[in-house]
Novice: 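Dumping the structure here so I can ask a few things about it.
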Amino acid sequence: IINGNGHILDVYIIYGFTGGHWSKTQAHKTNALILAMKEEMAEHPRGPTCLMGDINADPEDIKSLQLMLDDEEWTDLGAKADRWQQPVKEYTCLMAGSKRPTRRDYIFVNADLWPMVTNFEVEHLDDFPTHSLLRMRVNFQNATHSRRSLQKPLSLHVRSQQDGFW
């Protein structure tokens, strides 16, 4: 998406495999979708990016998604909704015949997009009884064009004695 000021926002929409919260096999398939998205992201210049959709699981059920949240500076807007005076981790899904609503729909934003998000809300509509509407507002005037980021190393490499450093 390119807005009128020339800012680019990368948006990735996901529909995770049904039952990812209860089935490791299904969660693994959704994990593969997230990994494919990350490969695609690596081909684009770094900038404001979001991932949104129905992951049919909790973030901790999807290994690569949880890693993004823990180590790669991604934010779950619903988990931070109190920033906009909204309920934290509000339910988003109510299946027919279910007695308990769940949270399966999400918007995740990277560190470049996070400071631009000015509002987030979950709206429960009668027109869509199963899934709620998730909405975020972005202000590109809050764009950070340079920022400093510290990242955990993916691995630590130890040189062998043959290299003369041991």
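When a residue number appears, it is its place in the shown sequence, counting from 1.
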Novice: Once you round to the nearest 0.5 Å, how far does CG of L113 lie from CD of E73?
Specialist: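 It is 13.0 Å, given to the nearest 0.5 Å.
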Novice: Do V138 and F140 have side chains that get closer than 4.5 Å, going by heavy atoms?
Specialist: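 Yes, at least one pair of side-chain atoms sits under 4.5 Å.
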Novice: Mind checking what makes ring-ring contact (aromatic ring centres under 6.0 Å, His included) contact with H124, not counting sequence neighbours?
Specialist: Y91
Novice: Drop me the distance from N56's CG to C93's SG, to the nearest 0.5 angstrom.
Specialist: 7.5 Å
Novice: Please answer whether the main-chain N or O of G20 pairs with a side-chain N or O of Q26 as donor and acceptor at a distance below 3.5 Å.
Specialist: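 Side chain of Q26 to backbone of G20, a donor-acceptor pair under 3.5 Å: no, none is there.
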Novice: Only pairs at least two apart or in different chains count here, so list each ring pair (Phe, Tyr, Trp, His ring centres under 6.0 Å) that has a residue in residues 26-74.
Specialist: none
Novice: When hydrophobic residues are tied together by side-chain contacts of less than 4.5 Å, even through go-betweens, does M41 share a cluster with L9?
Specialist: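 Looking at the clustering, L9 is in a separate group from M41.
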Novice: Quick one: do L69 and M37 end up in the same hydrophobic cluster if we chain Ile, Leu, Val, Met, Phe, Trp and Tyr together by side-chain heavy atoms under 4.5 Å apart?
Specialist: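 Cluster IDs for L69 and M37 match.
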Novice: Can you measure from CG (L33) to NZ (K38) and round to the nearest 0.5 angstrom?
Specialist: 13.5 Å
Novice: Can you tell if the side chain of F108 reaches within under 4.5 Å of the side chain of L65, non-hydrogen atoms only?
Specialist: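 The answer is yes; the side chains approach within 4.5 Å.
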Novice: Are I55 and L94 connected into the same hydrophobic cluster when the rule is that any two of I, L, V, M, F, W, Y join if their side-chain heavy atoms are below 4.5 Å apart?
Specialist: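 No, L94 and I55 fall in different hydrophobic clusters.
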Novice: Using the side-chain hydrogen bond (donor to acceptor under 3.5 Å, both in side chains) criterion, which residues pair with N31? Sequence neighbours excluded.
Specialist: S64
Novice: What's the spacing between M68 CE and I34 CD1 if we round to 0.5 Å?
Specialist: 6.5 Å
Novice: If you look at every heavy atom in D10 and P45, which pair is closest and at what distance?
Specialist: OD2-O, 4.5 Å
Novice: Checking the side chain of T49 only, and the main-chain atoms of N110 only, is there a donor and an acceptor separated by less than 3.5 Å?
Specialist: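 No; zero donor-acceptor contacts below 3.5 Å.
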Novice: How would you list all residue pairs meeting salt bridge (charged side-chain N to carboxylate O under 4.0 Å, His left out) that involve residues 81-94, not counting sequence neighbours?
Specialist: none
Novice: May I ask you to list the residues sharing a hydrophobic cluster with L133, side-chain cutoff 4.5 Å, ordered by chain and number?
Specialist: L125, F128
Novice: My understanding is that only residues two or more places apart in sequence, or in another chain, count here; which of them pass side-chain contact (heavy atoms from CB on, under 4.5 Å) with I107?
Specialist: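 With sequence neighbours excluded, I107 shows a side-chain contact (heavy atoms from CB on, under 4.5 Å) to M52, L77, V109, F120, L134, M136, given in chain and number order.
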Novice: Taking only residues two or more places apart in sequence or in another chain, which ones pass salt bridge (Lys or Arg N to Asp or Glu O under 4.0 Å) with E40?
Specialist: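 E40: no salt bridge (Lys or Arg N to Asp or Glu O under 4.0 Å) contacts found.
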Novice: Can you give me the closest heavy-atom contact between A81 and P87, atom names plus distance?
Specialist: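 Smallest interatomic distance, heavy atoms only, reads CB-O, 3.3 Å.
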Novice: For W22, which residues count as a side-chain contact (heavy atoms from CB on, under 4.5 Å) partner, sequence neighbours excluded?
Specialist: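 For W22 there are no side-chain contact (heavy atoms from CB on, under 4.5 Å) partners, ignoring immediate neighbours.
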Novice: Where do P59 and D76 come nearest, in terms of heavy atoms and distance?
Specialist: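 The pair with the smallest heavy-atom distance is CG-OD2, 4.4 Å.
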Novice: Are Y12 and C50 side-chain neighbours, meaning at least one heavy-atom pair lies under 4.5 Å?
Specialist: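 A side-chain contact is absent here, since even the closest heavy-atom pair is not under 4.5 Å.
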Novice: Rounded at 0.5 Å granularity, tell me how far NZ in K63 sits from CG in L35.
Specialist: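 K63 NZ to L35 CG: 9.5 Å, rounded to 0.5 Å.
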Novice: Ignoring hydrogens and geometry, is there a side-chain-to-backbone donor-acceptor pair from W84 to E121 under 3.5 Å?
Specialist: no
Novice: In the single-linkage hydrophobic clustering (I, L, V, M, F, W, Y; side-chain heavy atoms under 4.5 Å), do W114 and L67 co-cluster?
Specialist: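 No: no chain of side-chain contacts under 4.5 Å links W114 to L67.
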Novice: Run the side-chain hydrogen bond (donor to acceptor under 3.5 Å, both in side chains) test against D61 and tell me which residues pass, sequence neighbours left out.
Specialist: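 side-chain hydrogen bond (donor to acceptor under 3.5 Å, both in side chains) list for D61, sorted by chain: H21.
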Novice: Return the set of residues passing side-chain hydrogen bond (donor to acceptor under 3.5 Å, both in side chains) with R137 (not counting sequence neighbours), or none when no residue passes.
Specialist: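 For R137 there are no side-chain hydrogen bond (donor to acceptor under 3.5 Å, both in side chains) partners, ignoring immediate neighbours.
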Novice: List for me each residue that meets side-chain hydrogen bond (donor to acceptor under 3.5 Å, both in side chains) alongside T92, sequence neighbours excluded, and say none if there are none.
Specialist: D105
Novice: Please, which pairs that meet salt bridge (charged side-chain N to carboxylate O under 4.0 Å, His left out) have at least one residue in residues 48-59, sequence neighbours excluded?
Specialist: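 The answer is D58-R104.
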Novice: In the structure I gave you, are the side-chain heavy atoms of P48 and M116 within less than 4.5 Å of one another anywhere?
Specialist: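 They are in side-chain contact.
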